[in-house]
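We count ligands from 1, going down the list as the structure has it; atoms in each ligand are counted the same way.
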Amino acid sequence: MKEITVKITEDKEYKVCIEKGILINLGEYLSKTIENKRIIIISNSLVNCLYGVKLLSSLKRGGFNLNLIDLIEIPDGEKYKSLSTAKYLYDELLKRKVDRTTTLIALGGGVIGDLTGFVAATYMRGLPLVYIPTTLLAQVDSSIGGKVAVDHPLAKNIIGSFYQPKAVYTDPEVLQTLSDKDIKNGIAEAIKIAVIKSPAFFKWLEKNINQLLKKHKDLLYELVKEAVSLKVDIVLQDPWESGLRKVLNFGHSIGHALEVRAEYQDLSHGEAVALGMLIETKIARNRGMCSEEFEGQIKRILSFLSSSLSFLPACAVHHADRRKQESINIDIRELDLNQLWETLTLDKKNYQGRITFILPEALGKVSPIDNINKEEVMKALEEFKKEWKLC
Ligand SMILES: NC(=O)c1ccc[n+]([C@@H]2O[C@H](COP(=O)([O-])OP(=O)(O)OC[C@H]3O[C@@H](n4cnc5c(N)ncnc54)[C@H](O)[C@@H]3O)[C@@H](O)[C@H]2O)c1
Ligand SMILES: [Zn+2]
């Protein structure tokens with residue numbers, strides 16, 4: 001098992017435990033991690049159907065009394081990462097007389113994780129929290145670092161907090177049931193961390209991307225371990241995102257704005273971030289911050305994801321999936337640039353009215369730039385659309 005310790009402060013640390021098949025032994029691990037045996041599992045119907053019984057059986061084997069364990073399901077989808085779902089969960093916790101010693105377990109992808117984390121942070125000013133991330137994106141990114149949030153219709157992740165879990169248990173085996181699209185969403189965030197911090201990891205991703213897309217078990221395991229280590233390194237240098245950690249937002253200024261404009265439907269977070277990386281790289285290129293060769297590398301690796309990431313036109317890479325891509329392409333084609341700019345002005349990274357993007361300079365080097373202007377965003381977007389034949 002790979003164990004990575006996240007030591008946030010002298011008296012606050014937790015472990016990310018990564019092991020194939022760990023879900024089966026989770027009851028045993030959890031019995032050592034949490035004090036009270038009362039647990040509420042929060043999941044959605046799909047993940048519950050796939051892994052709910054497995055988790056409950058494992059808890060039983062670990063000595064937990066199943067009468068003290070409840071499972072609450074919420075609907076599947078980013079649009080449920082909202083204050084109204086959080087309210088539904090508060091109601092359910094109150095109905096069950098949940099007190100401060102009850103542990104919340106988030107069993108699911110980034111949506112379940114961020115939402116459960118937000119509820120754990122706020123209900124009675126804090127409940128013990130355990131993550132069992134079940135998507136690649138949640139395993140490599142959202143379960144690490146303690147950011148919890150819900151979305152607002154006008155701005156993504158805008159209502160949130162920092163709240164650390166007691167532990168994260170990551171089982172790469174569960175990735176075998178993920179859709180191709182969600183494998184790609186996770187790879188998009190892994191590419192992001194590679195661009196930010198590790199040219200070697202970027203090269204490894206380039207070399208192995210075809211096998212990763214086919215869900216090669218050992219390679220996915222390697223990917224998760226490396227991406228988590230890289231993210232933990234960054235988080236530990238700046239746990240509360242007062243400076244350095246902002247680099248993790250490469251691709252996310254444009255990405256989040258696109259998600260808001262799509263009303264958190266049709267366009268997934270991973271797709272939005274991949275688009276964001278392409279457009280933000282174009283802005284960096286137009287500013288002369290990065291080379292044409294670097295932009296080519298970013299375009300090449302992201303084009304591997306395009307055939308079912310569904311945001312790029314078929315002609316860019318393959319022809320087969322054209323119809324599936326139509327709805328998202330129309331969103332991008334018809335995007336109102338003024339509205340997009342308005343959304344960008346509400347981004348969390350902005351400071352005293354200055355729009356801040358994280359722009360890349362080279363593999364392993366990105367920087368915050370706080371004088372982004374509307375014209376350059378429009379120009380990059382227009383160029384992007386032409387280049388990918390979206391207009
Ligand atoms: N907190 C952070 O630091 C952070 C970082 C990155 C992303 N995020 C957030 O993460 C969210 C996106 O997460 P996501 O991509 O995991 O989306 P998601 O949680 O919606 O999961 C994607 C889909 O996969 C399904 N699924 C989950 N596990 C599965 C499995 N093992 N097998 C089959 N299907 C499975 C889900 O039901 C869902 O339909 C966004 O809201 C984003 O803002 C947060
Ligand atoms: Zn992200």
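In terms of protein heavy-atom proximity, atom 12 (C) of ligand 1 is closest to L137 CD2, 3.8 Å. Of all protein heavy atoms, the one closest to atom 4 (C) of ligand 1 is S142 CB, 3.2 Å. The single protein non-hydrogen atom nearest to atom 35 (C) of ligand 1 is L178 CD2, 3.5 Å, given as residue, atom name and distance. Of the protein's heavy atoms, D114 OD2, 3.4 Å lies nearest to atom 9 (C) of ligand 1. Shortest contact from atom 21 (O) of ligand 1 to any protein heavy atom: T135 CG2, 3.5 Å. Nearest protein heavy-atom contact of atom 41 (O) of ligand 1 is E78 OE1, 2.6 Å. Nearest protein heavy-atom contact of atom 32 (N) of ligand 1 is T177 OG1, 2.7 Å. Residue, atom and distance of the protein heavy atom nearest to atom 24 (O) of ligand 1 are D182 OD2, 3.5 Å.
The CH2 atom of W341 sits 11.5 Å away from atom CG of L346, with the distance rounded to the nearest 0.5 Å. The structure places OH of Y123 at 11.0 Å from CD of E92, a figure rounded to the nearest 0.5 Å.
Between the choices V111, L107, T134, the shortest heavy-atom distance to atom 20 (O) of ligand 1 belongs to V111. For atom 11 (C) of ligand 1, the nearest non-hydrogen atom from the set S45, S268, G110, A106 comes from G110.
At a threshold of 4.0 Å, the pair E375-K379 does not count as salt-bridged, since none of the basic side-chain nitrogens sits closer than that to a carboxylate oxygen. Taking the charged nitrogens against the carboxylate oxygens, E13 and K166 have no contact shorter than 4.0 Å, which rules out a salt bridge. Between K225 and E222, at least one side-chain nitrogen of the basic residue sits less than 4.0 Å from a carboxylate oxygen of the acidic one, meeting the salt-bridge criterion. In summary, E295 and K282 engage in a salt bridge, as defined by a charged side-chain N under 4.0 Å from a carboxylate O. Taking 4.0 Å as the cut-off between side-chain N and carboxylate O, K184 and D180 do not count as a salt-bridged pair. Under the 4.0 Å criterion applied to side-chain N and carboxylate O atoms, E173 and K20 are not assigned as salt-bridge partners. Of the charged side-chain nitrogens involved, at least one lies within less than 4.0 Å of a carboxylate oxygen, so that D70 and R38 count as a salt-bridged pair. The pair E387-K299 meets the salt-bridge criterion, since a charged nitrogen lies less than 4.0 angstrom from a carboxylate oxygen.
Screening residues 249-277 for ring pair (Phe, Tyr, Trp, His ring centres under 6.0 Å) gives H252-H256, H252-H269, H256-H269 as the qualifying pairs, with residues at least two apart or on separate chains.
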### Task
Carefully, step by step, assess N157 and K81 under the rule side-chain hydrogen bond (donor to acceptor under 3.5 Å, both in side chains).
CA-CA 9 Å; N157 288 340; K81 201 179 105 176; 2.6 Å; yes

#### Entry: Intermediate values then yes/no, side-chain contact (heavy atoms from CB on, under 4.5 Å), D347 and F357
CA-CA 10 Å; D347 191 86; F357 281 16; over 6 Å; no

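At least one side-chain heavy atom of Y169 sits under 4.5 Å from a side-chain heavy atom of Y29. In this structure, the side chains of H216 and D218 come closer than 4.5 Å at one or more pairs of heavy atoms.
Remark: ligand 1 atoms within the under-4.0 Å shell around heavy atoms of N44 are 36 (C), 37 (O). If you number the atoms of ligand 1 from 1 as listed, the ones under 4.0 Å from a heavy atom of K147 come out as 1 (N), 3 (O). The distance from ligand 1 to the heavy atoms of K156 drops below 4.0 Å at these ligand atoms: 40 (C), 41 (O), 42 (C), 43 (O). Residue Y51 has at least one heavy-atom neighbour below 4.0 Å for each of these atoms of ligand 1: 31 (N). Heavy-atom proximity to L46, at under 4.0 Å, picks out these atoms of ligand 1: 25 (C), 34 (N), 37 (O). For ligand 1, the atoms lying closer than 4.0 Å to a non-hydrogen atom of D76 are 36 (C), 37 (O), 38 (C), 39 (O). Under a 4.0 Å criterion applied to the non-hydrogen atoms of L50, ligand 1 contributes the atoms 32 (N), 33 (C). Taking every non-hydrogen atom of V47 and a distance limit under 4.0 Å, the qualifying atoms of ligand 1 come out as 26 (N), 27 (C), 28 (N), 37 (O).
The side chain to side chain contact (heavy atoms under 4.5 Å, CB included) test applied to K246 returns E241, N249, I358, not counting sequence neighbours.
Taking the six-membered ring for Trp and thresholds of 30 and 60 degrees, Y90 and F118 have ring planes inclined between 30 and 60 degrees apart.
Counting heavy atoms closer than 4.0 Å to ligand 1, residue K231 contributes side-chain atoms (C-beta onward) but none from N, CA, C or O. Heavy atoms of V148 found under 4.0 angstrom from ligand 1: none, in either backbone or side chain. Using a 4.0 Å cut-off between heavy atoms, N157 contacts ligand 1 through its side chain alone, with no backbone atom that close.
The Zn ion (ligand 2) has E189 OE2, H252 NE2, H269 NE2 as its protein N, O or S neighbours under 2.8 Å.
Here's the thing with D141: none of its N/O atoms is less than 3.5 angstrom from an N/O atom of ligand 1. Inclusion of A138 in the set of residues having an N or O under 3.5 Å from an N or O of ligand 1 is not warranted. Below 3.5 Å of separation, one finds an N or O of V174 facing an N or O of ligand 1. No N or O atom of H256 sits closer than 3.5 Å to an N or O atom of ligand 1. Considering backbone and side-chain N/O of S179, none are found under 3.5 Å from N/O of ligand 1.
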Expected list for residues 43-58: side-chain donor-acceptor pairs under 3.5 angstrom, two or more places apart:
{"from": "S43", "atom 1": "OG", "to": "L107", "atom 2": "O", "distance (Å)": "2.7"}
{"from": "N44", "atom 1": "OD1", "to": "L46", "atom 2": "N", "distance (Å)": "3.0"}
{"from": "N44", "atom 1": "OD1", "to": "V47", "atom 2": "N", "distance (Å)": "2.9"}
{"from": "N44", "atom 1": "ND2", "to": "D76", "atom 2": "OD1", "distance (Å)": "3.2"}
{"from": "N48", "atom 1": "ND2", "to": "E73", "atom 2": "OE2", "distance (Å)": "2.7"}
{"from": "Y51", "atom 1": "OH", "to": "V174", "atom 2": "O", "distance (Å)": "3.2"}
{"from": "Y51", "atom 1": "OH", "to": "T177", "atom 2": "OG1", "distance (Å)": "2.6"}
{"from": "S57", "atom 1": "OG", "to": "V53", "atom 2": "O", "distance (Å)": "2.7"}
{"from": "S58", "atom 1": "OG", "to": "L23", "atom 2": "O", "distance (Å)": "3.1"}
{"from": "S58", "atom 1": "OG", "to": "I24", "atom 2": "O", "distance (Å)": "3.1"}
{"from": "S58", "atom 1": "OG", "to": "L26", "atom 2": "N", "distance (Å)": "3.1"}
{"from": "S58", "atom 1": "OG", "to": "G27", "atom 2": "N", "distance (Å)": "2.8"}

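Residue contacts with ligand 1: E189 is included, with a non-hydrogen atom under 4.0 Å away.
The environment of Q237 atom CD is dense: over 12 non-hydrogen atoms of other residues, nucleotides or ligands sit within 6.0 angstrom.
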